[in-house]
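To start, the structure under review is shown below, and the notes come after it.
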Amino acid sequence: MLNKELPKIYNSAEHEDAIYAKWEKSGFFNPDNLSGEPYSIMMPPPNVTGVLHLGHALENSLMDIMARYQRMNGKKVLLLPGTDHAAVATQAKVEKLLVEQGLTNPRQKLGRDKLLEKIREYAENSKATILKQIKKMGTSCDWSRLAYTFDEARNSAVNIVFKKMYNDGLIYRGNRAVNWSVKGQSTCSDDELVQVERPAKLYTFKYAKDFPLAIATTRPETKLGDTAVAVNPRDKRYKKFIGQIFTVEVGAAKPLKIKIIADENVEVEFGTGAVGVTPAHSLIDFEMYEKQKSIGEPIGLIQVIDQHGQMTQAAGKEYAGLAVLAAREKFISWLKKQELLIKEEEITQNVGTSDRFGDAVEILPMTQWFVDVNKKIPGKNKSLKDLMREAVTAGHNNDLKQKITITPERFEKIYLNWIDNLRDWCVSRQIWWGHRIPVYYRRQEIFNFQFSIFNENTNLQQDIYVGEKPPEGDDWVQDEDTLDTWFSSGLWTFSTLGWPASAKATAGKPEKLNDLKTFHPTNWMQMGYEILFFWLARMILMSTYALDQIPFKDVYIHGMLRNELGKKFSKSSGNNLDPLEVAAKYGTDALRLSLISGIAPGNDSRFYEEKVEGARNMVNKLWNISRYIITNYPPVPKRHVRAGELRITNNEIKQKKLTQADEWILNNFQILVKAVKIDLENYNFSQAAGKLREFTWNYLADWYLEVCKFEKTDKKNEILSYLLIDLLKLWHPFIPFITEAIWAECGFKKMLIIENWPSLNKTINIKNNYFEAIIGVIKDIRDYRAENKIDLSKKLKVEIGVVKDKYNFIKSQEILIKSLKTGSVELEIKKSNKSNNEKFSIITFISISLVEGEVGTREKARLGKKINNLEKIIKATESRLANQEFIDKAPEAVVKKEKDKLTLYKSELKRLKG
RNA sequence: GGACAAUUAGCUCAGUUGGUUAGAGCAUCUCGUUUACACCGAGGGGGUCGUAGGUUCGAAUCCUACAUUGUCCACCA
């Protein structure tokens with residue numbers, strides 16, 4: 001009757017939404033309803049710019065596997081969901097949409113408030129979509145703690161950290177060369193640049209006829225702002241010029257004073273060995289400028305390009321107002337006319353472009369807010385860089401318990417290398433969608449600030465207010481700029497847990513006061529390697545600095561998903577696989593399983609529909625196995641046995657209540673339970689799933705269930721129930737929906753999601769099991785039939801020779817050998833008089849009497865091949881054992897194994913030849 | 001230019017401290033609709049583990065060099 005209710009094919013669409021609703025209603029997604037040791041994972045908040053893609057689907061699968069596994073292990077699990085306002089990305093996207101709708105300059109036309117309104121509308125919409133999609137993935141997160149990087153609680157955290165950094169002198173407003181997107185009218189951090197290769201012209205020239213050295217550049221127009229030429233101090237050709245100042249007239253507003261300076265980084269061999277230094281328009285040159293200043297040999301700084309990509313007054317009357325390219329042409333034609341141009345060559349060059357707006361960035365000197373990564377933190381004698389470094393090496397505060405481990409290890413090196421090269425982090429952005437910098441100025445000062453191009457002597461200290469809340473009095477104006485989105489994302493592990501504990505965030509929810517204490521540092525964080533620097537680094541920075549704690553203990557780095565050709569999935573190339581469509585077609589479980597199969601930590605993997613198909617088949621196989629067990633072996637609840645409990649006593653085992661097959665499957669199941677635990681704890685998701693698949697399909701379905709059709713014993717019902725129940729638990733983290741659905745079919749009232757993770761059954765400790773040997777016999781017969789093309793209906797006469805003391809045993813397996821898909825077999829079991837001292841071989845020979853004459857030659861060929869192979873191995877093994885060095889140096893166990901193998905193979909050979 | 005990875009069956013990938021006939025899934029070929037499952041079952045074929053050296057009793061695994069592919073960083077002024 002039960003089987004009538006269960007269709008042959010598992011229909012995912014029928015179950016998924018209902019099951020998710022049931023889980024949600026149960027309250028088990030919320031750790032407040034769980035007890036035990038806390039375990040927390042913060043979901044990397046997806047941007048509110050789009051929809052769920054395969055990368056998200058992978059991440060959700062990984063996180064949910066861990067969350068469910070830990071929950072079943074009796075932990076108080078928090079998987080905290082959230083979304084990211086993704087400052088630049090979102091504003092850029094909405095502006096683009098508005099432009100497409102015909103609004104030419106959204107910022108100007110709409111103004112701050114109206115544009116923000118539009119962006120908010122878009123973001124909220126997108127947020128709702130993506131959250132719905134996360135639910136669709138089956139992710140077991142606590143929706144009551146849903147967070148957003150741009151809500152009030154997170155804003156308060158941002159302001160407080162900003163203020164703390166400011167007070168510690170780690171955030172400063174400085175005039176530095178920064179990356180500027182003309183199109184986006186905003187700064188970008190170094191990490192936000194995407195390097196694009198493109199052809200360029202390299203011009204070699206002299207500033208003036210009598211200038212002693214030539215320099216090369218791809219940006220001639222910036223040379224109107226040169227203030228120095230750098231040479232290597234060991235360069236014999238130029239050494240004598242170091243320190244000299246040359247005044248040249250190149251058409252700029254004022255004659256340029258070019259100082260020859262020394263810089264170790266200039267390569268003597270490269271080009272002319274001399275570098276024109278333009279501090280205003282090159283990050284490296286700006287560093288030289290700062291260095292010169294610090295050693296008391298200052299050089300000038302002349303800004304010749306403005307924020308709109310046009311030449312400034314400083315570039316000279318001829319150039320002012322010209323676009324960069326026009327200025328370049330003009331300058332080149334001037335050089336030609338003056339006969340100063342020496343060489344012109346085509347090269348390819350990498351240009352930093354804005355990640356979000358797509359234009360090549362200009363380097364401009366600007367007054368911006370920076371996080372100083374090298375300055376010592378007051379009272380710490382360590383810089384932020386040091387904190388970031390220590391957290392993954394010696395441990396935060398040199399405490400190994402506060403050390404972050406990165407899986408796979410190699411990313412640790414990449415991370416440390418990045419930290420070494422880190423410059424001060426420019427955190428201010430000139431876009432509107434983001435946390436506004438919590439800094440306030442007096443009116444007249446903001447006027448100066450905005451229109452001063454560069455004035456080192458501006459001192460605004462007394463007129464600046466930095467704080468969580470706006471200052472009193474109405475003559476204060478807030479800084480127009482917003483913060484880099486990573487500033488708020490960096491706080492994610494603790495800003496989501498009620499830090500800072502403002503009255504509002506915790507009102508009426510006393511238990512939440514403890515969230516931070518309970519769940520921080522978080523236990524596990526997973527992310528793609530592409531945001532290692534953006535995010536991992538910044539979370540470590542923020543958490544160690546603000547909380548004096550690491551943000552998480554373990555980081556798991558996953559690779560990127562690529563399509564079957566190895567290309568990145570991208571919207572523009574139209575090769576996108578929509579995870580939701582795939583889930584609709586094959587089921588969410590199949591999608592999840594396929595995403596985590598065949599992946600190794602940190603490595604990219606390819607994803608294609610066939611993979612999902614395979615996973616779907618696995619899911620369906622499990623469905624049918626369950627269907628069969630539930631139908632034919634009454635479910636355990638009816639027999640008043642607790643889920644997963646197997647009542648087998650040592651006595652029963654001794655009394656042979658268990659058959660060879662029973663022992664074999666129970667043994668292998670113990671091995672599986674152990675292996676899955678180890679794999680999950682080492683984040684080997686793919687391997688754990690692989691082993692589950694192997695057991696379920698190849699052990700349970702292909703052998704044990706088949707055996708059960710012929711071997712009827714009292715214990716079968718209990719064993720099968722035990723196996724099914726615990727197997728469902730093991731599978732649950734990977735394929736939560738179908739396992740929960742089957743669980744309900746079993747008749748359990750309690751949900752699978754909070755069942756206890758299977759533990760090892762200590763009564764099952766069986767040695768000397770020979771079921772593998774039975775399998776060997778059966779396979780031999782099948783193999784023979786198939787190879788010799790003998791019809792299953794035709795009777796096959798098989799003789800099995802068995803050593804004396806195993807005769808009764810093999811006799812007892814007669815029915816299995818005859819029945820297990822071996823076709824029609826007439827079995828004759830013969831006693832061999834040999835004594836049995838061969839551990840491995842209980843069956844010494846099988847001879848199959850031939851039914852038809854022509855089969856003889858086929859069989860001879862088949863045997864010949866086998867014999868050949870065996871002889872080869874025997875020869876190799878013999879020569880290995882003849883090698884004295886092998887005997888002397890290899891471990892005893894290895895030598896013994898070789899010896900055993902040799903005896904085994906020799907007897908096997910004898911059998912085949914005989 | 002620097003760093004990191006990958007290179008194993010037609011394809012996609014495993015291979016956990018070096019241990020001896022190198023595994024899986026898909027594809028392919030042969031056979032089979034026997035009431036859990038054709039989203040199935042049984043069986044077969046297919047790899048000198050990128051190349052060349054080295055270490056070792058023993059190497060897909062460790063070392064060196066090279067090749068190819070990919071990624072990241074730095075950038076040529």
Side-chain angles (χ1 to χ4, degrees), chain A residues 3 6 8-10 190 195 200 202 204 215-219 230 265-267 270-278 282 284-285 347 349-350 352 408 410-411 413-414 417-418 421 529-530 532-533 559-560 562 564 566 586 590 597-600 602-608 610-611 613-632 678-679 682 684 686-687 690 693-694 698 701-702 705-706 709 778-779 782-787 789-792 821-823 869-870 872-873 876-877 880 883-891 893-895 897-898 901 905:
Chain A
N3 58 331
L6 296 177
K8 283 189 177 188
I9 285 176
Y10 169 68
D190 294 346
Q195 300 295 330
L202 181 67
T204 307
I215 57 158
T217 182
T218 55
R219 297 287 311 267
N265 295 319
V266 177
E267 280 178 50
F270 189 87
T272 61
V275 184
V277 179
T278 323
S282 154
I284 290 194
D285 295 359
I347 59 161
Q349 183 195 28
N350 281 339
R410 68 186 138 93
F411 286 102
K413 244 197 250 168
I414 298 176
N417 182 267
W418 175 81
N421 298 321
Y529 55 74
E530 72 274 10
L532 208 70
F533 307 137
M560 265 184 5
R562 298 167 174 279
E564 63 268 53
Y586 297 99
S597 295
I599 64 165
N603 284 3
D604 291 350
S605 62
R606 296 186 191 202
F607 188 78
Y608 40 87
E610 285 82 355
K611 228 175 143 174
E613 219 175 282
R616 189 267 321 265
N617 294 352
M618 177 61 238
V619 167
N620 197 56
K621 186 79 185 178
L622 183 63
W623 176 257
N624 274 292
I625 288 170
S626 311
R627 193 160 73 98
Y628 181 72
I629 295 176
I630 293 169
T631 310
N632 294 287
I678 291 171
D679 279 341
N682 290 299
N684 287 325
S686 179
Q687 290 185 44
R693 184 197 153 95
E694 194 193 17
N698 303 130
D702 289 349
L705 284 184
E706 292 303 319
K709 288 175 185 169
I778 292 167
K779 281 197 160 172
R782 285 174 181 168
D783 182 18
Y784 178 85
R785 278 206 112 105
E787 280 284 299
K789 300 199 192 315
I790 299 171
D791 205 286
L792 278 178
K821 291 176 187 166
T822 46
N869 193 21
L870 268 178
K872 242 197 262 167
I873 298 167
T877 313
R880 201 171 296 133
N883 184 344
Q884 194 53 43
E885 275 189 296
F886 174 70
I887 306 286
D888 293 346
K889 290 183 181 169
V894 174
V895 177
K897 211 167 139 196
E898 287 296 299
K901 203 173 76 187
Y905 286 169

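Sequence lines set the chain letters: A, B, ... in the order given, protein chains first and strands last, and positions in each chain run from 1. When reading the values below, keep in mind they use all heavy atoms of this one structure, side chains included, and skip hydrogens, waters and symmetry mates. Computed from a predicted structure; not experimentally measured.
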If you take atom types as modelled and just measure distance, does the side chain of [X] reach the base of [N] with a donor-acceptor pair under 3.5 Å?
{"X": "A:Gln349", "N": "B:A77", "result": "no"}
{"X": "A:Arg410", "N": "B:C4", "result": "no"}
{"X": "A:Arg880", "N": "B:U20", "result": "yes"}
{"X": "A:Tyr628", "N": "B:U35", "result": "no"}

I want to check one thing: is the phosphate of [N], taken as OP1 and OP2, less than 4.0 Å away from some side-chain N or O of [X]?
{"X": "A:Arg785", "N": "B:A42", "answer": "no"}
{"X": "A:Arg616", "N": "B:C39", "answer": "no"}
{"X": "A:Lys611", "N": "B:G25", "answer": "no"}
{"X": "A:Gln884", "N": "B:C57", "answer": "no"}
{"X": "A:Gln687", "N": "B:C13", "answer": "no"}
{"X": "A:Thr218", "N": "B:A77", "answer": "yes"}
{"X": "A:Lys709", "N": "B:U35", "answer": "no"}

With sugar-phosphate meaning primed atoms plus P, OP1 and OP2, does [X] contact a base, only sugar-phosphate, or nothing at under 4.0 Å between heavy atoms?
{"X": "A:Arg693", "answer": "sugar-phosphate"}
{"X": "A:Lys889", "answer": "base"}
{"X": "A:Glu694", "answer": "nothing"}
{"X": "A:Leu202", "answer": "sugar-phosphate"}
{"X": "A:Ala216", "answer": "sugar-phosphate"}
{"X": "A:Lys779", "answer": "sugar-phosphate"}
{"X": "A:Ala230", "answer": "nothing"}

5' priority, RNA chain B, between A:Arg782 and A:Asn684 [closest heavy atom]: A:Asn684

RNA chain B: 5'-proximal contact among A:Asn632 and A:Asp190 (nearest heavy atom): A:Asn632

What's the closest nucleotide to the [X] side chain, out of [options]?
{"X": "A:Ile347", "options": "B:A77, B:C37, B:U21", "answer": "B:A77"}
{"X": "A:Ala890", "options": "B:A42, B:G19, B:A77", "answer": "B:G19"}
{"X": "A:Arg627", "options": "B:A36, B:G41, B:G19", "answer": "B:A36"}
{"X": "A:Asn620", "options": "B:C37, B:A77, B:U12", "answer": "B:C37"}
{"X": "A:Asn603", "options": "B:C57, B:A36, B:A14", "answer": "B:A14"}
{"X": "A:Glu885", "options": "B:A14, B:A36, B:C57", "answer": "B:C57"}
{"X": "A:Asp783", "options": "B:A77, B:G43, B:C39", "answer": "B:G43"}
{"X": "A:Tyr529", "options": "B:U71, B:G19, B:G44", "answer": "B:U71"}
{"X": "A:Lys901", "options": "B:U21, B:G19, B:U12", "answer": "B:U21"}
{"X": "A:Ile873", "options": "B:A77, B:U21, B:A14", "answer": "B:U21"}

Separation of [X] atom [atom1] from [N] atom [atom2], in whole Å?
{"X": "A:Lys621", "N": "B:A38", "atom1": "NZ", "atom2": "P", "result": "9 Å"}
{"X": "A:Asn617", "N": "B:C39", "atom1": "CG", "atom2": "P", "result": "8 Å"}
{"X": "A:Phe411", "N": "B:C72", "atom1": "CZ", "atom2": "C1'", "result": "9 Å"}
{"X": "A:Asn421", "N": "B:C73", "atom1": "CG", "atom2": "P", "result": "11 Å"}
{"X": "A:Lys821", "N": "B:U34", "atom1": "NZ", "atom2": "P", "result": "12 Å"}
{"X": "A:Lys872", "N": "B:A22", "atom1": "NZ", "atom2": "P", "result": "10 Å"}
{"X": "A:Ile678", "N": "B:U17", "atom1": "CD1", "atom2": "C1'", "result": "14 Å"}
{"X": "A:Asn869", "N": "B:G45", "atom1": "CG", "atom2": "C1'", "result": "15 Å"}

pair A:Arg693-A:Lys621: side-chain heavy atoms closer than 4.5 Å: no

Runs of at least three Watson-Crick or G-U pairs with RNA chain B, cut-off 3.5 Å: B:1-7 with B:67-73, B:10-13 with B:23-26, B:28-32 with B:40-44, B:50-54 with B:62-66

Could you measure between the two [atom1] atoms, the one in [N] and the one in [M], and give it in whole Å?
{"N": "B:C63", "M": "B:C26", "atom1": "P", "value": "35 Å"}
{"N": "B:U51", "M": "B:G10", "atom1": "P", "value": "14 Å"}
{"N": "B:A6", "M": "B:A74", "atom1": "P", "value": "23 Å"}
{"N": "B:A22", "M": "B:U61", "atom1": "C1'", "value": "11 Å"}
{"N": "B:G58", "M": "B:U21", "atom1": "C1'", "value": "15 Å"}
{"N": "B:C66", "M": "B:G1", "atom1": "P", "value": "12 Å"}

Geometric class of the A:Tyr529/A:Phe411 ring pair [parallel <30°, tilted 30-60°, perpendicular >60°]: parallel

Atom NZ of A:Lys709: over 12 foreign heavy atoms under 6.0 Å: yes

